[in-house]
Amino acid sequence: MLFIANMIIYGLKVNISTTVIGMVKSESNPDGYDWSKTEKGLVVSTYFAGYLIGMFPSGYFADRFNTKWVLLVCVFFNALFTLMVPKACDDLYVLYTLRFLTGLVSAANLPIVNVLVGKWVVYEEKSFLVGIIYAGTSLGTVVSILSSGWIMNDMGWQAVFYIHGAVPMIWVVLFFIFFADSPETQTFITEQERQMIVNSYGHRGPGNKEVKVPWKAIFSSCPFIALIFTNTLGNFTWYFLLTQMPLYMNNMLHFDIKSNTTITCLPYLVNVFTNTFIGKFLDFGRKREWWSQTGARKIAVGISCLPACVFLALIAFVFEGNRNVTVGLLCASIIFSGAIFVGHLTNQNDLAPNYAGILMGITNTPGTISAFLLPALIGALMENGDTIERWRYVFGLNIVAQLSAFLIFMMFGSAKIQDWNYPDGIIPPAVK
């Protein structure tokens, strides 16, 4: 169910990045909206403004309230607001507001997943199962981008939002009926399964809402401060490619909408398998004591940061005139940068499963800055035309951010459960 929830949230997050190409006025679409490139960028980025503002409160609520209801609210209103997009487009500021609200309610997704990982996932299989759960983000992106292009081509852009908004309501009903907040209260599992999960190292039990949050210890923790910077900088390339690759493919590489959506979605489909494989590989190596859990996270952060830097530099300075090579490098950048989901985006749960939602809310607030900043920045930068010289500034910014994230996490990052995770300050014997 978490896999599908991630599919829904990420699918509804990115569908407008593709659909906006068919919504605006052009030679082939004279009846489209007369939006400037800056306005198009704001249509995408206002979602992330709401996402950024909602991240910390939703992280707090995820830790303090029943996660089942928080996630239900998150998915339901995402679907409802998506259904409202076609009517909102007649007034650009109404659309901005709706996109902002959609981002606001979406902010609970990652904090809730982190909390539920602490409740439902056993330590020995954490990287593998997290890889599967977060594979939903990639598959949701694939389905959303691909179906957006097909629906828009055959039925018009309005149908994209009507179909994408209606289908998730099925999940809402099923989740309401069959899912519980924790294994302690779940009726659809055996007692043996319940005990295996509850007795796992680092298990987060129910009833944490009454525990006092150790704010001073959290903000004086070196691994946590490192995670804030890693999350902020390490998300740049993922969000850049997630929100801007369709536009780059259209404006610089001149792919039509159908080809654009097909090519753009392929690396996310690959991500479904690569993240699961990386997670399984990291657990495999840790069990054989090739590396610790900290080592596993650092490997994942390296995978998400370093290859993409090389690929973006090659696009910007070596192969800018080669259409086929550029497409291949962009796709490879998505595949490797997707390792953030088994890297720093699960590190909050490593450090403190009892406060995983709050930690995600804190770290992913600045971690969303790139998603809000880049669409608006690129729209303004390309207002007078797309050129490789202007895009080089964007690629360079991403490269600097990814390298900085890698170095910070290598030097200061950790995946050990911190002593402030426990109310009495006593941490059980470490598990490598």
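A quick note: this is a predicted structure, and the numbers were derived from the prediction, not measured. For this chain, numbers begin at 1 and follow the sequence in order.
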Engineer: Go through the structure and list residues passing side-chain hydrogen bond (donor to acceptor under 3.5 Å, both in side chains) with S414, not counting sequence neighbours.
Structural biologist: none

Engineer: Taking atom OH of Y96 and atom CG of L101, what is their separation to the nearest 0.5 Å?
Structural biologist: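 Rounded to the nearest 0.5 Å, the OH-CG separation comes out at 15.0 Å.
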
Engineer: Measuring only between side-chain heavy atoms, which start at C-beta, is M23 closer than 4.5 Å to W35?
Structural biologist: yes

Engineer: Tell me, please, which residues at least two apart from V85 pass side-chain contact (heavy atoms from CB on, under 4.5 Å).
Structural biologist: C89, L95, L98, F161

Engineer: Tell me whether Y162 at atom OH has more than 12 heavy atoms from other residues, nucleotides or ligands lying less than 6.0 Å away.
Structural biologist: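 Result for OH/Y162: enclosed.
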
Engineer: Of the non-hydrogen atoms in S58 and P111, which two are nearest, and what is the gap between them?
Structural biologist: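 Shortest heavy-atom separation between S58 and P111 comes out as OG-CG, 4.0 Å.
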
Engineer: With rounding to the nearest 0.5 Å, note down the distance linking CH2 in W150 to CE in M155.
Structural biologist: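 Rounded to the nearest 0.5 Å, the CH2-CE separation comes out at 14.0 Å.
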
Engineer: Hey, can you tell me if F219 and W215 have their rings parallel, tilted or perpendicular (30° and 60° cut-offs)?
Structural biologist: parallel

Engineer: In residues 164-174, what donor-acceptor pairs under 3.5 Å come from side-chain atoms, sequence neighbours left out?
Structural biologist:
{"from": "H164", "atom 1": "ND1", "to": "N15", "atom 2": "ND2", "distance (Å)": "3.2"}
{"from": "H164", "atom 1": "NE2", "to": "S147", "atom 2": "OG", "distance (Å)": "2.9"}
{"from": "W171", "atom 1": "NE1", "to": "M1", "atom 2": "O", "distance (Å)": "3.2"}

Engineer: With sequence neighbours excluded, tell me which residues meet side-chain contact (heavy atoms from CB on, under 4.5 Å) with F284.
Structural biologist: R288, W290

Engineer: Test your reading of the model: is there a side-chain donor-acceptor pair from T346 to the backbone of G343, 3.5 Å cut-off?
Structural biologist: no

Engineer: How about T237 and F311: do any of their side-chain heavy atoms sit closer than 4.5 Å?
Structural biologist: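 They are not in side-chain contact.
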
Engineer: Tell me, do L92 and Y33 make a side-chain contact under 4.5 Å, heavy atoms counted?
Structural biologist: no

Engineer: Report the residues that fulfil side-chain contact (heavy atoms from CB on, under 4.5 Å) with L266, sequence neighbours left out, ordered by chain and then residue number.
Structural biologist: none

Engineer: Would Y248 and L241 count as a side-chain contact (heavy atoms from CB on, under 4.5 Å) if you check the C-alpha gap in whole Å, the side-chain angles of each, and the deciding distance to 0.1 Å?
Structural biologist: CA-CA 9 Å; Y248 187 85; L241 295 169; over 6 Å; no

Engineer: Do you know which two heavy atoms are closest between V272 and T276, and how far apart they sit?
Structural biologist: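 Scanning both residues completely, I find the closest heavy atoms to be O-OG1, 2.9 Å.
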
Engineer: Can you find a heavy atom in the side chain of N347 that is under 4.5 Å from one in the side chain of F409?
Structural biologist: yes

Engineer: Quick one: side-chain contact (heavy atoms from CB on, under 4.5 Å) partners of F406, sequence neighbours excluded?
Structural biologist: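 Only C305, L306, M410 meet the side-chain contact (heavy atoms from CB on, under 4.5 Å) criterion with F406.
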
Engineer: Could you pull out every donor-acceptor pair under 3.5 Å between side chains of residues 333-342 and any protein atom, sequence neighbours left out?
Structural biologist:
{"from": "S333", "atom 1": "OG", "to": "L329", "atom 2": "O", "distance (Å)": "2.8"}
{"from": "S337", "atom 1": "OG", "to": "S333", "atom 2": "O", "distance (Å)": "2.8"}
{"from": "S337", "atom 1": "OG", "to": "I334", "atom 2": "O", "distance (Å)": "3.4"}

Engineer: For D350 versus A415, what's the shortest heavy-atom pair and its separation?
Structural biologist: CB-O, 3.5 Å

Engineer: Ignoring hydrogens and angles, write down the donor-acceptor pairs under 3.5 Å from the side chains of residues 68-79, residues two or more places apart or on other chains.
Structural biologist:
{"from": "K68", "atom 1": "NZ", "to": "F176", "atom 2": "O", "distance (Å)": "2.8"}
{"from": "K68", "atom 1": "NZ", "to": "F179", "atom 2": "O", "distance (Å)": "2.9"}
{"from": "N78", "atom 1": "OD1", "to": "S106", "atom 2": "OG", "distance (Å)": "2.7"}
{"from": "N78", "atom 1": "ND2", "to": "C74", "atom 2": "O", "distance (Å)": "2.9"}
{"from": "N78", "atom 1": "ND2", "to": "S106", "atom 2": "OG", "distance (Å)": "2.9"}

Engineer: Answer yes or no: is there a side-chain heavy-atom contact under 4.5 Å between L139 and L269?
Structural biologist: yes

Engineer: Specify whether W391 and F240 have parallel, tilted or perpendicular ring planes, treating 30° as the upper limit for parallel and 60° as the lower limit for perpendicular.
Structural biologist: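 Tilted: the ring planes of W391 and F240 meet at 30° to 60°.
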
Engineer: So, using salt bridge (charged side-chain N to carboxylate O under 4.0 Å, His left out) as the criterion, who are the partners of R390 when residues are at least two apart?
Structural biologist: none

Engineer: Would C331 and M245 count as a side-chain contact (heavy atoms from CB on, under 4.5 Å) here? Give the steps.
Structural biologist: CA-CA 9 Å; C331 292; M245 185 172 167; 4.2 Å; yes

Engineer: Quick check: do P214 and Y355 have side-chain heavy atoms less than 4.5 Å from each other?
Structural biologist: yes

Engineer: Quick one, Q244 with V394, criterion side-chain contact (heavy atoms from CB on, under 4.5 Å). Give me CA distance, side-chain angles, the key distance, then yes/no.
Structural biologist: CA-CA 11 Å; Q244 299 303 298; V394 180; over 6 Å; no

Engineer: Can you list, pair by pair, the side-chain donor-acceptor contacts under 3.5 Å of residues 366-382, counting residues two or more places apart and other chains?
Structural biologist:
{"from": "T368", "atom 1": "OG1", "to": "N364", "atom 2": "O", "distance (Å)": "2.6"}

Engineer: If we only count heavy atoms from C-beta on, is the Q348 to L110 side-chain gap below 4.5 Å?
Structural biologist: no

Engineer: Which heavy atom of A49 sits nearest a heavy atom of F100, and at what distance?
Structural biologist: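 Residues A49 and F100, closest heavy atoms: C-CE1, 3.8 Å.
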
Engineer: Starting at CD1 of I278, measure out to NZ of K280 and round the result to the nearest 0.5 Å.
Structural biologist: 14.5 Å

Engineer: Atom NZ of K298 and atom OG1 of T294: how far apart are they, to the nearest 0.5 Å?
Structural biologist: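 OG1 of T294 is found 6.5 Å from NZ of K298.
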
Engineer: What pair of heavy atoms forms the shortest contact from N349 to A356, and how long is it?
Structural biologist: ND2-CB, 3.8 Å

Engineer: Find out whether the Lys NZ or Arg CZ of K13 is both under 6.0 angstrom from the six-membered ring centre of Y10 and within 45° of the ring's axis.
Structural biologist: yes

Engineer: Would you give the length of the straight line joining atom CG of L146 to atom OH of Y268, rounded to the nearest 0.5 angstrom?
Structural biologist: 13.5 Å

Engineer: Got a sec, which residues hit side-chain hydrogen bond (donor to acceptor under 3.5 Å, both in side chains) with N275, two or more places apart in sequence or on another chain?
Structural biologist: none

Engineer: Is R286 reaching over with its side chain to a backbone N or O of Q293, donor-acceptor style, under 3.5 angstrom?
Structural biologist: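 Answer holds: no.
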
Engineer: Identify the heavy atoms of R392 and A316 that sit nearest to each other, and give their distance.
Structural biologist: NE-O, 2.7 Å

Engineer: List the atom pairs, with distances to 0.1 Å, where a side-chain N or O of residues 223-234 and a protein N or O form a donor-acceptor pair under 3.5 Å, not counting sequence neighbours.
Structural biologist:
{"from": "T230", "atom 1": "OG1", "to": "A226", "atom 2": "O", "distance (Å)": "2.8"}
{"from": "N231", "atom 1": "OD1", "to": "N235", "atom 2": "ND2", "distance (Å)": "3.1"}
{"from": "N231", "atom 1": "OD1", "to": "H344", "atom 2": "NE2", "distance (Å)": "3.4"}
{"from": "N231", "atom 1": "ND2", "to": "T363", "atom 2": "O", "distance (Å)": "3.3"}
{"from": "N231", "atom 1": "ND2", "to": "T363", "atom 2": "OG1", "distance (Å)": "3.0"}
{"from": "T232", "atom 1": "OG1", "to": "I228", "atom 2": "O", "distance (Å)": "2.7"}

Engineer: Output yes when a side-chain donor or acceptor of N354 lies under 3.5 Å from a complementary backbone atom of N421, and no otherwise.
Structural biologist: yes

Engineer: If I take atom OG from residue S304 and atom CD from residue Q402, how far apart are they, to the nearest 0.5 angstrom?
Structural biologist: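 CD of Q402 is found 6.5 Å from OG of S304.
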
